[in-house]
Amino acid sequence: MLLQFKVLAPVISHDILVGGFLINSLQREASLTEMFDKDLGIETELDNIPPEEIIQKAGVIVAGLNRLAFLQGEQMSELTGLIKVAEDIEWPIIPVLANMEVEGIELNARALHKMSEEFAEIIEDIAVQIYGYADQEFNISSPSQLAKVLFEDLDLPTKGIKKGKTGYSTDAKQLEKLRWSHPIINLVTQYREYTKLKSTYIDALPKLVDENSRLHTDFRLTVAQTGRLSSAEPNLQNIPVRTEIGKKIRESFVAGEGRAFVSADYSQFELRLAAVMADDKELVELFNQDADIHTETAAKVYDVSPHEVTPDQRRHAKVINFGILYGMSGHGLSVATGTTELEAKDFLTKYKELRKPIFDYTASLIEQAKKKGYVETLFGRRRPMPDINSSNFIVRSSAERAAMNMPIQGTEADLMKMAMIEVEKKLPKGAKQLLQIHDSIIIECNISQTKQVEEILQETMENIYPKLPVKLKVDVKSGKNWGDL
DNA sequence: GTGTAATGCGCG
DNA sequence: AAAGCGCGCATTACAC
């Protein structure tokens, strides 16, 4: 943590690891040692230099770093837009992230300890019931042992159950299909939910707090192929929210004495960007009119007026509105909506007519990937696509879906970083950015600053790139703990 | 004991 | 025939 010793400069003029990733994200694991060896032909164990040799090698190291920075600058100049991505986005976001990592977020570890004990009892109780139905004790957490109990000992139907490399799958989707065949299934599902939350969050997070009970994540810039951040040790970008039990865990992230959290998240961010990048004028117009996008989509596809759309029809439209950005198939749609494959394919055909610009756009992205070997965001961040011409259907199809998705997800990531850089400049003293979760920012500030911070966030994020023909909508909230947001 | 693949699941 | 993008992490099972 160089920042703690005031060593890290507030302005970054070049970062070699990040630069290497921008030029070729496939070499994300490249260490400085490897880059010295590969790009400069200098063999040195940078990570492993004995202290007494540091001084005598310092000259070579500094000169090497300079040389690498220079070479990367030259390479980036040859890739359209990449210098601007580096200078306008990647270099400036580094000190912002460093500040967030050092600041950390407070965890109510005592509340989690209490939850841990409650969960232990609940889990034990569920396990005993499962053993009763199974007529034996076994490791419920072992997929192979569970599969044996379900499909061999209890002889549950295996029709339509997905097979993996080692046998029948027991994942949540398959268990859902078996739900009505035996009372043990619901218990296993509950067991999974409780043990997952207990081991991954309730028991793990308190071990990582500092002396002020704060958690410090590590935001990584050179991992996600789309340009998103990743968060590790601990990952604070996957804290539970979807279930009631999960929300309780969120409530244990708390603002300090006299302080409050403010959050701001982009509404329908990816779909709005898809509309822009595909130049889908009708979809852009719908967003600019603040329409309920899923209802409007359902109305068009099912050929009814918006107020006649049923909840099921809206749900189907919602699934495809999101799924389309990932290259969802007719089969995938039928699974996700619970309709027949025929209905789903019919639905998809009509949707393709309705959103022709989107489908033309995604097709053009696959074209570009095949022709140029890469796709890119609105600002020129690139993702190489070496698998796009693979002779293996599965590998190639997967690359095609990734090519369809990266420019949208990546542009979202670019805009979020730009927003964070601006927000950092505008925040009053006493307000600090703590977390970024892909389409949202969480800030801690004095309670008296709440309104002001909300306004700064909304204003900055909605207007981060005014050239965009679609309105960006940002929702802001505040509260004393993360569960309030 | 350490390392890795497979499985499963938390989030956007 | 396969069938949804991007991540990180806990656990099991097994090789060494």
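Proteins come first, then strands; the chains are lettered A, B, ... in the order of their sequence lines, and each starts at number 1.
A donor-acceptor contact closer than 3.5 angstrom is absent between the side chains of N99(A) and Q433(A).
With respect to the salt-bridge test (charged N to carboxylate O, under 4.0 angstrom), the residues D88(A) and K84(A) qualify. Using a 4.0 Å cut-off between charged nitrogen and carboxylate oxygen, K371(A) and E367(A) do not count as a salt-bridge pair.
The residue A413(A) sits apart from the nucleic acid: no heavy atom pair falls under 4.0 Å. Contact annotation for S144(A): backbone-only contact, meaning every heavy-atom pair under 4.0 Å involves sugar-phosphate atoms and none involves a base.
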Just the table, please: protein N/O against nucleotides 3-5 of chain C N/O, every pair under 3.5 Å.
unit_1: dG4(C); atom_1: OP2; unit_2: S329(A); atom_2: N; d: 3.2
unit_1: dG4(C); atom_1: OP2; unit_2: S329(A); atom_2: OG; d: 2.8
unit_1: dG4(C); atom_1: O3'; unit_2: R401(A); atom_2: NE; d: 3.3
unit_1: dC5(C); atom_1: OP1; unit_2: R401(A); atom_2: NE; d: 2.5
unit_1: dC5(C); atom_1: OP1; unit_2: R401(A); atom_2: NH2; d: 3.0
unit_1: dC5(C); atom_1: O2; unit_2: Q409(A); atom_2: NE2; d: 3.3

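OP1 or OP2 of dC9(B) sits under 4.0 Å from a side-chain N or O of R192(A).
Among the nucleotides dG6(C), dG10(B), dC9(C), the one closest to any side-chain atom of T226(A) is dG6(C). Checking dG10(B), dT7(B), dA13(C) against the side-chain heavy atoms of T166(A) singles out dT7(B) as nearest. Distances from the side chain of F393(A) to the nucleotides dA1(C), dC11(B), dG8(C) place dA1(C) closest.
Taking atom C1' in both dC9(B) and dA2(C), one finds a spacing of 22 Å when rounded to whole Å. Nucleotides dA5(B) and dG4(C) place their C1' atoms 23 Å apart, quoted to the nearest Å.
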**Message:** Run the ring pair (Phe, Tyr, Trp, His ring centres under 6.0 Å) test on F322(A) and H294(A) for me, step by step, so that the C-alpha distance in whole Å, both residues' side-chain angles and the decisive distance to 0.1 Å come before the verdict.
**Reply:** CA-CA 10 Å; F322(A) 286 111; H294(A) 305 314; 5.7 Å; yes
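Scanning DNA chain C for stems, defined as runs of 3 or more consecutive Watson-Crick or G-U wobble pairs whose donor-acceptor distances all fall under 3.5 Å, gives the following ranges: B:1-12 with C:5-16.
Judged by the 6.0 Å distance and 45° axis criteria, K198(A) is not positioned over the aromatic ring of F119(A).
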